Number of protein chains: 2
Amino acid sequence: MELSSKVEIIGSMLLKENIKPSYARIRIMEYLLSRKSHPTVDEIYTALVKEIPTLSKTTVYNTLNLFVKSNIARVITIEENETRYDADMSCHGHFKCESCKAIRDFSFKCAAIDTSDLDGFLIREKNVYYYGLCPDCLASESQD
Amino acid sequence: MELSSKVEIIGSMLLKENIKPSYARIRIMEYLLSRKSHPTVDEIYTALVKEIPTLSKTTVYNTLNLFVKSNIARVITIEENETRYDADMSCHGHFKCESCKAIRDFSFKCAAIDTSDLDGFLIREKNVYYYGLCPDCLASESQD
DNA sequence: AATAAAATTGTAATCAATACAATGCGTATG
DNA sequence: CATACGCATTGTATTGATTACAATTTTATT
């Protein structure tokens with residue numbers, strides 16, 4: 001898809017949430033949507049500043065916080081030191097390989113988690129993080 | 001239970017993991033076990049320094065990292081800015097009330113999460129975080 | 001074009017976490 | 001019993017992500 005049509009689609013998506021579709025906001029959302037990598041603020045900034053030289057890191061922070069408040073992105077705290085962001089709001093889990101550090105989505109049936117312990121609670125968001133070894137790292141480890 | 005017998009029990013628990021049962025380590029593990037509050041480093045330090053005046057915050061950090069590496073405690077990254085610790089290694093989830101900020105355990109059947117997406121992966125750890133409103137905050141909110 | 005409102009920017013400040021060198025303590029050895 | 005070694009602890013300095021905030025720029029409105 002061309003960038004120009006992406007801009008329109010994301011622009012109207014932001015308008016629906018009463019967010020002014022500024023160029024920076026559109027590009028940041030476009031970056032989030034176009035890759036499943038759950039980037040950090042630094043990754044987003046480093047990638048986009050090449051094309052938007054005036055971009056500041058504060059804007060990236062502001063924009064992501066705005067997206068999270070508006071429920072069109074969510075925070076991934078799978079790591080202790082750095083916050084990651086994900087614009088995929090569907091129910092899915094995140095797996096982090098402790099060897100190669102890659103983070104991967106996986107699907108599961110949200111309703112399958114029995115939460116009778118939380119009767120009377122209002123559940124707004126669910127984050128599921130798994131840790132372990134991916135098949136590649138598993139294979140190279142067993143060779144040692 | 002008296003502190004003296006706790007010291008012995010936790011001491012042998014640490015020895016099993018090849019961790020020298022120093023007084024600081026025993027008291028930090030005792031603190032983790034005695035409350036389900038998933039304390040932060042600061043909470044642990046502030047509570048224990050009253051009884052162990054020589055305690056340093058670095059020791060709390062070192063000790064918790066050691067516990068995590070030895071798999072007798074785990075990191076709770078339910079919050080963006082602060083790391084919490086939990087010595088309950090059984091399968092359970094954590095619920096955080098976005099209003100009163102309290103964190104609460106809840107149980108669920110770990111096996112109920114279908115992970116066919118992760119066939120071939122070695123899963124070592126699972127963290128399940130839910131966010132929302134607890135019954136108390138829900139009640140006081142609906143009064144407004 | 002003029003004004004107001006909102007977005008963006010850059011710098012400074014905050015704060016959790018780590019690095020590291022120095023000190024203290026316990027255990028084993030002679 | 002004294003000494004030496006290894007490990008635990010300590011305190012300070014540093015790092016690095018995030019936020020605060022005031023100044024500037026951009027956008028929208030009349």
Side-chain angles (χ1 to χ4, degrees), chain A residues 7 10-12 14-15 17-31 38-70 72-85 101 103, chain B residues 7 10-11 14-15 17-31 38-70 72-86 101 103:
Chain A
V7 164
I10 294 172
S12 59
L14 295 181
L15 277 173
E17 304 294 329
N18 293 315
I19 296 171
K20 274 195 192 171
S22 72
Y23 188 64
R25 287 170 176 172
I26 288 172
R27 293 304 303 276
I28 290 169
M29 177 52 80
E30 193 260 323
Y31 190 87
H38 323 96
T40 63
V41 167
D42 203 67
E43 282 165 22
I44 298 169
Y45 171 75
T46 304
L48 291 184
V49 78
K50 289 172 192 159
E51 298 174 43
I52 316 169
T54 63
L55 186 68
S56 87
K57 213 176 241 188
T58 302
T59 297
V60 180
Y61 275 105
N62 289 341
T63 302
L64 290 170
N65 286 337
L66 180 65
F67 289 171
V68 170
K69 241 191 302 183
S70 303
I72 54 174
R74 61 164 147 170
V75 170
I76 308 285
T77 58
I78 200 168
E79 286 167 307
E80 288 170 54
N81 50 337
E82 257 183 332
T83 300
R84 294 181 172 274
Y85 293 86
K101 316 295 181 195
I103 295 172
Chain B
V7 165
I10 295 173
L14 296 181
L15 277 174
E17 304 294 330
N18 292 315
I19 296 172
K20 273 196 193 171
S22 73
Y23 189 64
R25 288 170 175 173
I26 288 173
R27 292 305 302 276
I28 290 169
M29 176 52 78
E30 193 260 323
Y31 189 87
H38 323 97
T40 63
V41 166
D42 203 66
E43 283 165 21
I44 298 170
Y45 172 76
T46 303
L48 291 184
V49 77
K50 289 172 191 158
E51 297 173 44
I52 316 170
T54 63
L55 186 68
S56 87
K57 214 175 241 187
T58 303
T59 297
V60 180
Y61 275 106
N62 289 341
T63 303
L64 290 170
N65 286 338
L66 181 65
F67 288 171
V68 170
K69 242 191 301 182
S70 303
I72 54 175
R74 61 163 146 170
V75 171
I76 309 284
T77 58
I78 200 168
E79 285 168 309
E80 289 171 52
N81 50 339
E82 257 184 332
T83 300
R84 296 182 171 274
Y85 293 87
D86 191 355
K101 315 295 180 194
I103 295 173

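Residue numbers start from 1 in every chain, and the chains themselves are labelled A, B, ... in the order their sequence lines are given, proteins ahead of strands. Remember, it's a predicted structure, so these values are computed and weren't measured experimentally.
Looking at heavy-atom distances under 4.0 Å, B:Asn81 makes contact with sugar-phosphate atoms alone, never a base. Within the nucleic acid shown, A:Ser22 comes within 4.0 Å of sugar-phosphate atoms alone, with no base atom in reach, counting heavy atoms only. Residue contacts for B:Thr40: at a heavy-atom cut-off of 4.0 Å it reaches no nucleic acid atom on any strand shown. B:Lys20 comes within contact range of the sugar-phosphate backbone alone, with a heavy-atom separation under 4.0 Å but no base atom that close.
The distance from atom CG of B:Leu15 to atom P of D:dC7 is 15 Å, rounded to the nearest whole Å. If you take CZ of B:Arg84 and P of C:dA17, they are 11 Å apart, rounded to a whole angstrom. Taking atom CD1 of residue B:Ile44 and atom P of nucleotide C:dA17, one finds them 11 Å apart after rounding to whole Å. For the pair A:Leu66 CG and D:dT19 C1', the computed distance is 16 Å after rounding to whole Å. Between the CG atom of B:Leu64 and the P atom of D:dA8 there is a distance of 15 Å, given to the nearest Å. For the pair B:Ile19 CD1 and D:dC7 C1', the interatomic distance rounds to 14 Å; values are reported in whole Å. A straight line from CG of B:Leu55 to C1' of D:dT9 spans 9 Å, rounded to a whole angstrom. To the nearest angstrom, P of D:dA17 lies 11 Å from CD of A:Glu43.
Here the CE atom belonging to A:Met29 is positioned 7.0 Å from the CD1 atom belonging to A:Ile19, to the nearest 0.5 angstrom.
Looking at every heavy atom in both residues, A:Thr59 comes nearest to A:Ile28 through O-CD1, 4.4 Å. Here the closest heavy-atom approach between residue A:Leu14 and residue A:Pro21 is recorded as CD1-CA, 4.0 Å.
Nearest to the side chain of B:Arg25, among C:dT8, D:dT10, D:dT9, sits D:dT9. Across C:dA7, D:dC21, C:dA17, the shortest atom-to-atom separation from the side chain of A:Thr58 is found for D:dC21.
Take the nearest nucleotide of DNA chain D for B:Ile52 and for B:Glu80: the residue whose nucleotide is more 5' is B:Ile52. Taking for each of B:Glu82 and B:Asn62 the nucleotide of DNA chain C with the nearest heavy atom, the 5'-most of the two is the partner of B:Glu82.
A salt bridge does not link A:Lys101 to A:Glu79: none of the charged nitrogens lies less than 4.0 Å from a carboxylate oxygen.
For B:Tyr61 and C:dT18, the shortest distance from a side-chain N or O to OP1 or OP2 is not below 4.0 Å. Put simply, B:Thr54 has a side-chain N or O that comes within less than 4.0 Å of OP1 or OP2 on D:dT10. Using a 4.0 Å cut-off, some side-chain N or O of B:Asn65 falls inside it from OP1 or OP2 of C:dT18. When the side-chain nitrogen and oxygen atoms of B:Thr59 are compared with OP1 and OP2 of D:dT9, none of them lie within a distance under 4.0 Å.
Between the side chains of A:Arg27 and A:Tyr31, no donor N or O sits under 3.5 Å from an acceptor N or O.
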